[in-house]
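Heads up, the thing below is written out as structure tokens.
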Amino acid sequence: MVSGRDGRLREPLGENLVRDGLITRDQLQRGLVRQKEIGKRLGDSLVELGYLSEEELLNALARQFALPQLSLSSISLSPLPIRDCLSPKYLREHKVLPIEIKDGVLTVAMTDPTDPYTVDDLRMSTGYAVSICLAKEREILEAIDQFYSDGHATMEKIVKGYQEEEGGLPGDDREDVDHLRDLASEAPVIQLVNLLITRAVEARASDIHIEPFEDRLRIRYRVDGVLLDHESPPKRLQAAVISRVKIMAKMNIAERRLPQDGRIRLQIPGRDFDLRVSTIPTLYGESVVMRILDRSSLLLTLGELGFPDDVRLQFQRLIRKPHGMILVTGPTGSGKTTTLYTALSEINSADKKIITIEDPVEYQLRGVNQIHVKPKIGLTFANGLRSIVRQDPDVIMVGEIRDAETADIAIHSALTGHLVFSTLHTNDAPGAITRLLDMGIENYLVSSVLVAVLAQRLVRVICPECREPYQLDVAAVRKMGIKTELGGSFQVFRGKGCAECNFTGYHGRTGIYEFLTISEEIQRLILEKADSNLIRQKALVLGMKTLWEDGWRKVEQGVTTLEDLLRVTKEEG
């Protein structure tokens with residue numbers, strides 16, 4: 001039982017959610033497991049797993065604790081004179097926003113009414129009685145940035161402050177290493193780069209793109225797989241911003257003619273992030289891309305990745321085989337590594353030795369031996385794989401099969417009693433077979449070791465906050481070249497666009513899958529060196545669902561939209 005602000009004992013949140021029909025008992029158990037794994041509140045864990053929306057969680061907490069809710073975007077706010085008592089850092093860490101002081105009572109917006117320590121801190125620090133209301137985390141953090149945080153000031157304020165302190169920056173021809181280092185060490189530049197990264201994390205971006213052009217420095221975030229423009233600093237700050245990123249990533253700031261790679265580890269706030277940084281020289285300066293890796297976001301199950309139940313059960317059975325090779329295919333950014341990491345997590349146990357070789361190691365898996373390739377010193381996929389086999393592993397993961405040598409060693413590792421996972425860049429599952437044959441691998445070796453091939457893409461999920469139904473005209477769908485047996489029109493869903501999804505209509509991504517199991521019939525076709533079209537036709541006869549079919553099923557279920565399915569597949573149904 002938990003205690004409300006009136007001191008009465010109440011049922012735990014999870015039990016209330018189950019009783020109100022918002023989640024199932026099974027989802028509650030998964031949420032509790034997730035809560036223990038990542039150390040967050042149960043409600044946050046359920047929202048992160050997709051079982052609840054933030055709105056539903058706040059409504060449930062408001063009912064449970066008899067607290068009012070506030071929409072911060074719809075009320076007039078102004079900063080209160082409490083800076084001497086409460087630092088901006090404290091407000092952000094505890095997600096507390098002071099709203100007003102009236103008759104000796106400080107009203108604050110919070111996300112966690114079960115946190116009595118923060119309320120006590122506020123009471124002791126300010127000397128006021130404290131009244132709580134509930135609000136969305138994102139709105140609270142944005143308001144803190146706007147009204148209280150010097151370190152998280154707006155870009156306009158930072159740039160203006162830098163102008164006043166420095167009077168502008170010199171052009172590229174006057175730069176030298178010491179000067180670049182000085183520019184990158186100035187407090188406003190540090191604030192500016194921190195702001196770019198923090199905004200990207202809050203926008204759920206997977207990548208930050210800093211792109212120099214002749215007359216501007218462009219900032220774009222990739223959110224749910226799509227690039228979106230964001231507020232950019234002036235062109236004159238280009239050298240300072242890029243140098244700051246390179247220093248953080250431990251790169252050579254003197255080298256601006258060659259591509260470089262680096263890594264940044266950050267905590268924003270309370271969550272651990274790795275940023276994989278890449279620079280390349282372009283016509284107007286260095287282009288920088290930062291891949292944001294949230295180390296707490298990897299703890300998923302195959303069901304949470306979007307696997308249909310039939311494919312998930314097949315896949316779970318095959319990843320427990322003692323030997324053989326399982327391949328995951330798709331373009332860059334289609335979630336292949338996440339799928340393999342999730343598969344490894346499912347089979348990871350004390351009686352199995354698992355070794356991976358990757359370029360780079362994106363996430364650290366507990367209990368798994370991970371190797372980062374270093375071609376400069378001769379540690380390639382092929383060389384590393386030769387040594388891995390001598391370490392007596394049960395399961396091997398090769399980040400990517402890029403050449404014939406790596407493919408050959410991986411195939412022979414599977415032949416000698418190891419279970420091998422790897423990835424290939426092919427458009428569909430049958431194409432992986434012909435790619436291996438094209439690499440020079442003998443057909444009898446491919447047919448004897450290959451267990452299954454999984455092709456995948458990521459589609460955007462319709463935002464649950466602004467999701468609305470509409471009638472899809474099947475005649476218009478057929479004009480797009482899509483074959484369907486449906487007639488007239490039928491109901492599907494789309495997102496109108498709201499503050500929660502940055503007015504895109506989408507929030508998050510899920511997978512669509514094409515799973516080819518290597519049956520005896522498929523093995524015969526491999527031995528006959530049949531092309532991928534014949535293998536595909538036979539697989540369809542045997543029951544394989546294509547990427548398009550799985551995606552279309554998710555359109556009918558209201559998970560994604562037809563437009564987004566077409567964006568990632570470009571196929572006919």
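Counting all heavy atoms, side chain and backbone alike, Thr282 lies closest to Ser287 at CG2-CB, 3.7 Å.
By the ring-ring contact (aromatic ring centres under 6.0 Å, His included) test, Phe515 is found to be paired with Phe315, residues two or more places apart in sequence or in another chain being considered. Evaluation of the ring-ring contact (aromatic ring centres under 6.0 Å, His included) rule for Tyr51 yields no partner, not counting sequence neighbours.
Shown here is Lys529, whose NZ atom has no more than 12 heavy atoms of other residues, nucleotides or ligands within 6.0 Å. Summarising the local packing, CG of Asp392 is surrounded by 12 or fewer heavy atoms from other residues, nucleotides or ligands at distances under 6.0 Å. Other residues, nucleotides and ligands place more than 12 heavy atoms under 6.0 Å from the CD atom of Gln557. When the shell of 6.0 Å around NZ of Lys545 is examined, it contains 12 or fewer heavy atoms from other residues, nucleotides or ligands. Counting heavy-atom neighbours within 6.0 Å of Arg181 CZ, excluding the residue itself, gives a total of 12 or less.
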> Are Leu516 and Ile433 close enough, and set up right, to give a side-chain contact (heavy atoms from CB on, under 4.5 Å), and what steps lead you there?
Replying inline: CA-CA 10 Å; Leu516 170 63; Ile433 296 171; 3.9 Å; yes
>> side-chain contact (heavy atoms from CB on, under 4.5 Å), that's the test. Do Met248 and Val193 meet it? Break it down for me.
In response: CA-CA 10 Å; Met248 292 171 71; Val193 173; 3.8 Å; yes
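A salt bridge links Arg386 with Glu405: at least one charged nitrogen is closer than 4.0 Å to a carboxylate oxygen. In summary, Glu231 and Arg199 engage in a salt bridge, as defined by a charged side-chain N under 4.0 Å from a carboxylate O. Using a cutoff of 4.0 Å between basic side-chain nitrogens and carboxylate oxygens, Arg216 and Glu211 are not scored as salt-bridged.
For residues 376-431, there are no ring pair (Phe, Tyr, Trp, His ring centres under 6.0 Å) pairs, not counting sequence neighbours.
Tested against Val446 for a side chain to side chain contact (heavy atoms under 4.5 Å, CB included), the candidates Ile441, Thr434, Ile518 yield a single pass: Ile441. Partner of Leu437 under the side chain to side chain contact (heavy atoms under 4.5 Å, CB included) criterion, chosen from Leu445, Asn443, Asp531: Asn443.
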